[in-house]
Amino acid sequence: MRLGSLWLCSAAAAAGAHVEVHPAAAVDAAWALAPHPPPHPATHPLLIGLKRRNMDLLEERVRHMSDPHGDAYLDHMASEEVAALTSPPPEAAQKVVAYLTAVGACLPGTLRVHNHHDYVRCVGAAAVLPALCEGGMQMYVRDGETAWAAAGRITLPAEVAAVVDVVAGFPRTPGGGA
């Protein structure tokens with residue numbers, strides 16, 4: 001059975017063509033869909049990590065400062081230097097915020113952009129999941145244990161997906177992590 005994450009999916013009114021950000025996760029065969037699940041919990045945490053820039057330059061710099069025979073040996077970068085080199089441009093976070101706002105995916109007052117502009121986080125409104133996602137959240141059962149997990153794959157509008165590295169914060173598989 002192939003099931004997994006799906007939080008931000010095709011909302012026809014929200015944006016154009018959607019592309020896959022994460023494929024569906026495989027659910028262990030020991031888990032089964034609950035036949036009559038209770039209502040879904042009201043909220044889920046949501047974290048969207050943005051694509052960083054210049055990771056090749058950072059890797060090169062780390063190699064140089066780790067080489068005992070090099071000129072830059074032990075010349076460590078301050079966190080501000082790393083952020084200046086690798087942080088996405090502010091426009092990337094703005095695209096994600098605009099999309100989340102347009103589809104009503106976050107509870108009011110919970111949307112935050114990290115000060116390095118490398119991720120966006122909020123508390124997601126589970127009530128809008130059916131409108132946003134093909135499959136939404138599903139309850140699974142196994143040996144008397146229950147767990148909620150997202151069903152399907154994560155997709156975003158192409159212009160938003162272009163700046164996103166990871167969507168996390170809610171269970172991708174029953175009993176598993178984000």
Side-chain angles (χ1 to χ4, degrees), residues 1-29 31 33 40-59 82-83 85-108 110-140 147-178:
M1 174 183 339
R2 294 252 328 143
L3 297 171
S5 315
L6 179 61
W7 175 259
L8 300 172
C9 297
S10 56
H18 285 239
V19 296
E20 184 176 273
V21 177
H22 298 298
V27 174
D28 186 291
W31 289 93
L33 284 173
H40 186 272
T43 63
H44 275 284
L46 177 62
L47 184 135
I48 299 179
L50 304 176
K51 291 180 181 173
R52 293 179 165 265
R53 303 175 296 130
N54 302 320
M55 295 308 289
D56 55 335
L57 297 177
L58 179 63
E59 186 177 326
V82 174
L85 179 66
T86 64
S87 290
E91 299 79 35
Q94 291 167 359
K95 284 182 183 181
V96 171
V97 167
Y99 176 70
L100 293 174
T101 301
V103 298
C106 299
L107 296 179
T110 67
L111 192 58
R112 302 280 184 267
V113 176
H114 185 265
N115 58 350
H116 292 160
H117 301 281
D118 55 352
Y119 67 85
V120 175
R121 99 173 338 157
C122 74
V123 176
V128 300
L129 281 176
L132 297 176
C133 304
E134 52 190 58
M137 298 294 286
Q138 299 287 336
M139 179 182 267
Y140 295 87
W148 284 96
R153 60 193 182 114
I154 296 176
T155 66
L156 292 168
E159 66 276 5
V160 177
V163 300
V164 171
D165 186 39
V166 65
V167 178
F170 53 92
R172 293 194 62 189
T173 60

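Among all heavy-atom pairs drawn from Pro157 and Tyr99, the shortest one is CG-CE1, 3.4 Å. Residues Asn54 and Thr86 approach most closely at O-CG2, 4.4 Å, considering heavy atoms. Smallest separation of non-hydrogen atoms from Lys51 and Pro88: O-CG, 3.2 Å. Residue Lys95 comes nearest to Glu159 through the heavy atom pair CD-O, 3.6 Å, listed as atom of the first residue, atom of the second, then distance. When all heavy atoms of Tyr119 and Gly49 are compared, the closest pair comes out as CB-CA, 3.9 Å.
The structure places CG of Asp118 at 4.0 Å from CZ of Arg52, a figure rounded to the nearest 0.5 Å. Rounding to the nearest 0.5 angstrom, the gap separating the CD1 atom in Ile48 from the CG atom in Leu156 is 6.5 Å. Here His117 contributes atom NE2 and Gln94 contributes atom CD; the two are 8.0 Å apart, rounded to the nearest 0.5 Å.
Residues passing the side-chain hydrogen bond (donor to acceptor under 3.5 Å, both in side chains) test with Thr110, sequence neighbours excluded: none. In terms of the side chain to side chain contact (heavy atoms under 4.5 Å, CB included) criterion, residue partners of Glu59 (sequence neighbours excluded) are, by chain and number, Arg63. In this structure Arg121 satisfies the side-chain hydrogen bond (donor to acceptor under 3.5 Å, both in side chains) test with no other residue, sequence neighbours excluded.
Between the side chain of Ser87 and the backbone N or O of His116 there is at least one donor-acceptor pair closer than 3.5 Å.
Side-chain contact between Val164 and Leu50 is present, with heavy atoms from C-beta onward closer than 4.5 Å.
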